[in-house]
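Following: one structure in structure tokens, then a few remarks.
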Amino acid sequence: MTVRVMADSTCDLSFGMVQDLGIIIVPLHIVLGEEEYLDGKDITPDKIYRWSDEHNDTPKTSAVGLREAMEAIEEAGVTQDTNDELIIFTISEKMSVTANAFRIAAEELEVADRVSVIDSANLSTGIGLMVVEAAHMAKKGMDRKKIVAEIERIKPLVRASFVVDTLTYLHRGGRCSGVAALAGGVLKLHPMIVVKDGEMGATKKYRGKMESVIMDYVKELEPQLKKARKDRVFITHSGCKSEVVSSVYNYLTKMDYFKEIIITRAGGVISSHCGPGTLGVLFIEGE
């Protein structure tokens, strides 16, 4: 019996990491006007930004459909004719109905007893952190129920935050509480967005050039970072300048704390809602 790990495309893990760990990725949808695309398959964040600028509009995103969910489960090898099991991670249920689509799909296929759908209550590599943990446990041969129990235990310890260069995308999309008020003519404001209880909320507000804002944000995270799990930390961005990303990487490296510092580029769905220039440092709090 094999335990497979699946996640929707909002987990923002790199192709190499997905391949190395045998993770299955199922794309959400991105709608630009009349055209619909599959996240990570036939659309790039840069194309999304160009379209948004040209049309003065924010892209729409939509969940994995029931038929797609059923096909993904079957392609993962979980059918009535096999004994294989599956753990599926999705973006927060407060942001998408993807989790429910997979639950219904498993019931329709009559394999719900071998499929666990986990509402990450998170987004981007906040999900990715849990997906990677589950994939490592699965590779070690751990039982599905034990993996799920461990993920549910660490889920409240995942710390996902980021700072945004522009409020335009979050404001238009209505995805983040507090952003509408912040956007009232204060366009040079760079809020820190924190994911809590499955929702995004604006917290601390920064002013100044984005390069300085990002480093201020990282430096202020240091006390938390020094109490994090040492296994890995993610630097996830939606198209920041390479020198800015390198500065963050170098800062974390000089801390001499984490075993692995992983840089990932946010996919189409996350980029559609946060816009270009967003950067976050994501980790699991220590115990």
Side-chain angles (χ1 to χ4, degrees), residues 6-21 23-30 32 37-53 58-59 61 89-92 95-96 120 122-132 135 158-166 168-170 173 175-176 190 192-193 195 200 210-211 213-215 217-218 221 232-253 258 260-284:
M6 178 183 289
D8 72 44
S9 59
T10 62
C11 68
D12 287 346
L13 295 175
S14 68
F15 178 77
M17 180 167 276
V18 165
Q19 291 293 105
D20 289 345
L21 292 173
I23 299 163
I24 304 164
I25 300 295
V26 183
L28 270 69
H29 298 255
I30 297 169
L32 306 182
Y37 302 88
L38 293 175
D39 185 19
K41 295 284 188 181
D42 51 14
I43 187 73
T44 65
D46 290 335
K47 181 175 180 178
I48 292 169
Y49 299 149
R50 286 195 298 271
W51 181 90
S52 186
D53 288 341
T58 300
T61 59
F89 289 82
T90 71
I91 189 171
S92 171
M95 302 179 191
S96 172
S120 71
N122 223 302
L123 51 73
S124 190
T125 45
I127 309 169
L129 284 159
M130 291 180 272
V131 174
V132 170
V158 175
R159 298 291 173 258
S161 65
F162 49 96
V163 285
V164 297
D165 187 21
T166 172
T168 303
Y169 288 73
L170 283 169
R175 290 278 178 162
C176 182
H190 304 288
M192 175 179 174
I193 308 298
V195 180
M200 292 187 289
M210 197 58 187
E211 292 85 349
V213 165
I214 287 173
M215 292 313 300
Y217 154 74
V218 176
L221 276 182
R232 66 189 60 85
V233 61
F234 279 99
I235 301 168
T236 302
H237 68 98
S238 64
C240 293
K241 295 176 181 178
S242 59
E243 55 266 32
V244 173
V245 179
S246 294
S247 294
V248 177
Y249 181 87
N250 292 337
Y251 187 91
L252 296 180
T253 300
F258 292 99
E260 193 175 19
I261 302 170
I262 307 166
I263 299 172
T264 66
R265 173 82 188 257
V269 169
I270 301 302
S271 297
S272 292
H273 294 296
C274 294
T278 297
L279 185 142
V281 176
L282 303 94
F283 56 94
I284 298 175

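The first residue in the sequence is number 1, and the count goes up from there. Any value given below was found using the heavy atoms of this structure, including those in side chains, with hydrogens, waters and symmetry copies removed.
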Interatomic distance, CZ@Phe234 vs CD@Glu260, rounded to 0.5 Å, equals 7.5 Å

Side chains of Val164 and His190: closer than 4.5 Å at any heavy-atom pair? no

Distance from Asn122 atom CG to Arg159 atom CZ, nearest 0.5 Å? 9.5 Å

Just by modelled atom types, is the Gly128 backbone N or O under 3.5 Å from a matching donor or acceptor in the Thr125 side chain? no

From the list Asp12, Ile91, Leu282, side chain to side chain contact (heavy atoms under 4.5 Å, CB included) with Leu123 holds only for Ile91

State, with a plain yes or no, whether a side-chain heavy atom of Asp39 is found less than 4.5 Å away from one of Ser272. no

Between Phe89 and Cys11, does the side chain to side chain contact (heavy atoms under 4.5 Å, CB included) criterion hold? Intermediate values first, please. CA-CA 8 Å; Phe89 289 82; Cys11 68; over 6 Å; no

Indicate yes or no: does Asp165 engage Lys241 in a salt bridge with an N to O separation below 4.0 Å. no

Would you say Ile30 and Val269 make side-chain contact, with heavy atoms under 4.5 Å? yes

Option among Thr278, Thr61, Thr58, Thr10 that satisfies the side chain to side chain donor-acceptor pair (under 3.5 Å) test with His273: Thr61

Which residue, Val195, Leu129, Ile127, forms the side chain to side chain contact (heavy atoms under 4.5 Å, CB included) with Val158? Leu129

Answer yes or no: is there a side-chain heavy-atom contact under 4.5 Å between Leu252 and Val218? yes

Can you name the closest pair of heavy atoms from Val131 and Ala7 and give their distance? CG2-CB, 3.8 Å

So, taking the atom named CG in Asn250 and the one named CE in Met215, what distance separates them when rounded to the nearest 0.5 Å? 8.5 Å

At their closest point, which heavy atom of Pro45 faces which heavy atom of Arg265, and how far apart are they? CB-NH2, 3.7 Å

Taking C-beta and beyond as the side chain, do Ile25 and Ile23 meet within less than 4.5 Å on heavy atoms? yes

Taking all non-hydrogen atoms of both residues into account, name the closest pair between Ser271 and Ala266 and its distance. OG-O, 3.4 Å

For residues Ile270 and Ser124, report the shortest heavy-atom separation together with the two atoms involved. CD1-N, 3.9 Å

With a 4.5 Å limit on heavy-atom distance, are the side chains of Met210 and Val244 in contact? no

Do side-chain atoms of Ser120 reach the backbone of Thr90 as a donor and acceptor pair under 3.5 angstrom? yes

Give a yes or no on whether the backbone of Glu243 and the side-chain of Ser247 come within a donor-acceptor separation of less than 3.5 Å. yes

Counting N and O atoms only, with roles assigned by atom type, does the side chain of Tyr249 sit under 3.5 Å from a partner on the main chain of Ile235, one being a donor and the other an acceptor? no

Are His237 and Ile263 side-chain neighbours, meaning at least one heavy-atom pair lies under 4.5 Å? yes

Could you tell me if Ser14 and Thr264 have a donor-acceptor pair between their side chains, going purely by distance under 3.5 Å? no

What's the shortest heavy-atom distance between Ser238 and Gly277, and which atoms? OG-N, 3.4 Å

Heavy-atom closest pair, residues Ile43 and Tyr37: CB-CB, 3.7 Å

